[in-house]
There are 2 protein chains.
Amino acid sequence: MTDVARAAGVSQSTVSRVFSLPDTVRADTRDRVLEAARRLEFTPNPAASALAQGRTGTLGLLVPNVVNPYYAEIIKVVQHRARTKNHTLVLADTGDDPEDGFALARTVARQTDGLLLAGPRMTDAMVGELARSGPVALIGADAPAADSVYAEPATGMRQVIRHLAALGHARIVYVDGTLTARDPASRQPVHDACEEFGVDLVEQLGPFDLTFDHGVAAADLLPTSGATAVIAHNEMVAHGVACGLARQGRSVPGDFSLVSVDDTFMARTIYPALTALHVPLDLMGARGVDLLLHRIEEPGGEVRHSPLPTSLVVRESTGRPGPVSGGV
Amino acid sequence: MTDVARAAGVSQSTVSRVFSLPDTVRADTRDRVLEAARRLEFTPNPAASALAQGRTGTLGLLVPNVVNPYYAEIIKVVQHRARTKNHTLVLADTGDDPEDGFALARTVARQTDGLLLAGPRMTDAMVGELARSGPVALIGADAPAADSVYAEPATGMRQVIRHLAALGHARIVYVDGTLTARDPASRQPVHDACEEFGVDLVEQLGPFDLTFDHGVAAADLLPTSGATAVIAHNEMVAHGVACGLARQGRSVPGDFSLVSVDDTFMARTIYPALTALHVPLDLMGARGVDLLLHRIEEPGGEVRHSPLPTSLVVRESTGRPGPVSGGV
DNA sequence: ATGAAAGCGCTAACAG
DNA sequence: CTGTTAGCGCTTTCAT
């Protein structure tokens, strides 16, 4: 930068201004500096500016599993949003362990301006501690201590159960996801919705890892349940359930109707295409970035929570209960 | 750090040593410092150390599409490997445009110690330019100017074609991927393998985007091709082809055998499970990180290329050609 | 083994 | 609008 300054015949601070506050420099000086910088192939050193400013221009994103399309889509949206706001993304895959996630979060927090936690597995207390030591926003989850954006759980479940009830299903099974440190309350909406529409929630299977294989395992438990419809906590599980049933020689939606509680490219892509509760991941990701950036600007502001509406996308995996179902 | 030094009754440089070169400090002094640090909740500022050392402890990873399971798995492996080597990951999603990718790469390169390009869409010249200005390693691609790790294309294709030939397929179609700036030579292995096993390469459809939808589109072109088997350049395309055929009322492998040229969780997860050319993504990712780290240590070393063996995983999507096939 | 001191490259008052 | 002057918090010789 000093070299550029000399080459352009200005002071080093002017060069700095050209790059960080271009408008505060007269146009012709700026051009001279830019020209010199180009000739010398100069670009500002981000580490130095990070140190001087106390800002890295970097956001941290933590997800439990990069390979899960749900998180992959969030990553994609977040990365793009961050980029349009001139930030880069530090990504970390935490796995399902709360402690690991917490430890990783602290590390990442140290080298970024703020933390985005997507589907965090940690407790509210952990989230609170992170939020106390730096800007934090939650994506797809809620906690009192941090800004958050998430899908409205109650209305989403209502949409699902209402759909199944309307088709004539009276007994359903809910295949739960990973039991994490945050989940205790997460099952309430299902119960409430079932009650509202007079549906019998036969059983909650699980917790299962949110994976295909565990969906297959869950499928084995279905035939004896007496249910005619299944709700899967996530797409990969739903998919596993579908395949598991197929291997038993049962069909979807002939023998069981199946609903997935998220909706990425997989839901419409597998066979049969899944009726799914669509969660607006693009909005969630973008909103998460905005919330975080806002908090970075105003660390003291009031905590904001942003529930987003879901929509039920009816595809091929749900139908009227078959004449023969339940039992074995 | 100064505070910790005072609290521990040592100089600030000793504190620094405790964190960066622990072995150069006597055990009891070290403990005293660590204790003081703990009490004051001190952690070293990465930005400052980055500036002083000229090292950020950060690796950049560029992928064309985060949502593609192929890249998602690479991201996951790379992140974990980087982490075990005490580096964090800056992730960027470039899309398919070479220029965008190149621009993003320059940005990311500036704030990391080195760049990992997975499935880069840019030209060898661009890769060369990046490699000249900083450490670069390629994952799943090859270029003279940079270290690289990739699947051996020739032997992989031989495995695929040989399998199809053995089943009795004499006419096949290859559904190509996105045409990028790097591709001109990528089709050679298919031709060679077809020749070797006396198979007729009826047509190369494409380029198609590497997406499900384009797979569906490709499927529409198959019935008139006279082929009995299809090779898809990637899993999502393969999946699209399978669904497209299903919509036409054709079956896999009954009417067409189908092989996918990569193999992530999707291949065994969809219906029918795909016969696929397995590429060792875990090795590729880890190797990529190692190559890059090595080059960061020794910027002058000789360029290393690391082809990895593939293996054909036979599942349900391939079989003998059906009695009625081709035509319409 | 530890301390003193000189930066790393940039930003940010503060003058002018 | 531009130059001067201090740092930002850590690493790293060079002494001791």
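Each chain gets a letter, A, B and so on, in the order its sequence line appears, and its residues count up from 1.
Note on residues 36-58 of chain A: pairs passing salt bridge (Lys or Arg N to Asp or Glu O under 4.0 Å), not counting sequence neighbours, are Glu35(A)-Arg38(A), Glu35(A)-Arg39(A), Arg55(A)-Glu297(A). Sequence neighbours left out, not one pair with a member in residues 109-119 of chain B passes salt bridge (Lys or Arg N to Asp or Glu O under 4.0 Å).
The closest side-chain heavy-atom distance from Leu130(A) to Arg106(A) is below 4.5 Å.
Only at 4.0 angstrom or more do the heavy atoms of residues 27-39 of chain B sit from any atom of DNA chain D, so none qualifies.
Every residue two or more places apart in sequence or in another chain that forms a side chain to side chain donor-acceptor pair (under 3.5 Å) with Ser13(A) is listed here: Ser11(A). Applying the side chain to side chain donor-acceptor pair (under 3.5 Å) rule to Arg304(A) yields no partners; only residues at least two apart in sequence or on another chain are considered. Residues meeting the ring pair (Phe, Tyr, Trp, His ring centres under 6.0 Å) test with Phe19(B), sequence neighbours left out: Phe42(B). Qualifying side chain to side chain donor-acceptor pair (under 3.5 Å) partners for Gln12(B), counting only residues two or more places apart in sequence or in other chains: none. Considering only residues two or more places apart in sequence or on other chains, Arg17(A) meets the side chain to side chain donor-acceptor pair (under 3.5 Å) condition with none of them.
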Subject >> Where protein sits on nucleotides 8-16 of chain D, one letter per nucleotide: B base, S sugar-phosphate only, - none, heavy atoms under 4.0 Å >> reply: BBBBBB---
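To the nearest angstrom, C1' of dG3(C) lies 14 Å from CZ of Arg26(B).
For dG3(C), one of the phosphate oxygens OP1 or OP2 lies less than 4.0 angstrom from a side-chain nitrogen or oxygen of Thr14(B).
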